[in-house]
Amino acid sequence: MGTSIIQIDVIIPTQTKYLNLIGSIGESLGKDLDDFCGDHEALAYQLNLVLTEAATNAIRHGCYNNPEDTVRISIHIQEHELNIKVYDHGQGFDLEMVSLPDLDHPQEGGLGIFFIRTLMDSVTYTHEGESNVLEIVKYLDMRPVIENHSNHQ
Amino acid sequence: MNLNLEKLNGYSVLYIKEERIDAHNSGELKETILHMIEQGEINIIVQLERVRFIDSSGLGALLSGYKHAAAKSGKLALACCKPQVLSMFELTRLNRVFEIYADLNEAFESEA
């Protein structure tokens with residue numbers, strides 16, 4: 001059904017060993033998303049990558065020295081919109097200051113945000129309460145819901 | 001990280017025995033490659049057949065190895081990339097930096 005809603009909330013400790021779990025959730029979602037008209041395998045890789053990069057970012061920007069710090073990841077899909085929010089409790093950073101990498105002179109860092117910006121439709125990073133929130137939106141090419149009026153003659 | 005190193009045809013072939021390279025294991029990959037180069041193993045082929053997923057930190061680890069090998073007049077090439085992994089090199093245009101071979105034989109023949 002095109003009207004179904006998916007909501008997934010995950011809270012992980014700020015440890016990179018949980019990246020596999022987060023990426024796998026994205027991969028599964030991409031493969032199994034009903035009514036998505038595009039390439040499921042490509043979407044699966046993209047969601048795996050974007051969630052991995054966003055969670056890595058949050059873990060690195062989070063409170064590394066606090067073993068009880070956590071990263072919360074919220075995924076919401078409704079109709080055409082896929083919305084990902086990643087909450088960290090660190091110092092935060094200025095997303096606007098993250099420049100596009102010079103692909104002709106590649107450097108080791110700076111590709112994570114580039115992937116998110118390139119593969120998704122919008123990215124913002126804001127302060128919300130006691131957390132920073134990286135919000136990512138992607139508009140999905142979904143099959144239109146066709147209402148059947150033939151029995152209402 | 002699960003890695004295997006073999007000497008073949010004068011090359012150090014590093015087999016990545018993981019499905020995933022991300023920020024959890026890319027640091028170890030980078031250290032391993034840098035250690036190899038420090039030990040004089042400057043002609044390296046990284047065999048990626050098992051790898052289904054690579055993120056920015058994994059690409060960074062390979063790029064670091066490439067630059068360190070080149071600085072010592074060596075080379076770091078890649079072999080056996082799955083299509084999804086190859087597309088990451090294309091998206092970042094790193095396919096223009098690395099020599100990427102379909103398999104090890106092609107790598108040996110081309111580099112000979």
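When reading the values below, keep in mind they use all heavy atoms of this one structure, side chains included, and skip hydrogens, waters and symmetry mates. So that the names make sense, note that chain A is the first sequence line, chain B the second, and so on, each numbered from 1.
Using a 4.5 Å cut-off between heavy atoms, L62(B) makes no contact with chain A at all. Interface residue F114(A): only side-chain heavy atoms are found under 4.5 Å from chain B. In this structure, the portion of E27(A) lying under 4.5 Å from any heavy atom of chain B is its side chain and not its backbone. With a threshold of 4.5 angstrom between heavy atoms, R96(B) approaches chain A through side-chain atoms but not through N, CA, C or O.
With 3.5 Å as the limit, one finds no donor-acceptor pair spanning the side chains of Q39(B) and E41(B). Checked by atom type, the side-chain pair Q107(A)/D102(A) shows no donor-acceptor distance below 3.5 Å. Side-chain contact of Q7(A) with S74(A): a donor-acceptor pair under 3.5 Å is present, judged by distance alone. Remark: the S56(B) side chain and the E53(A) side chain contain an N/O donor-acceptor pair separated by less than 3.5 Å.
Looking only at distances, a side-chain donor or acceptor of H40(A) sits under 3.5 Å from a matching main-chain atom of G30(A).
The choice from L119(A), T52(A), T118(A) that makes the most heavy-atom pairs within less than 4.5 Å of chain B is T52(A). When each of D104(A), T56(A), L103(A) is scored by its heavy-atom pairs under 4.5 Å with chain B, the top score falls to L103(A).
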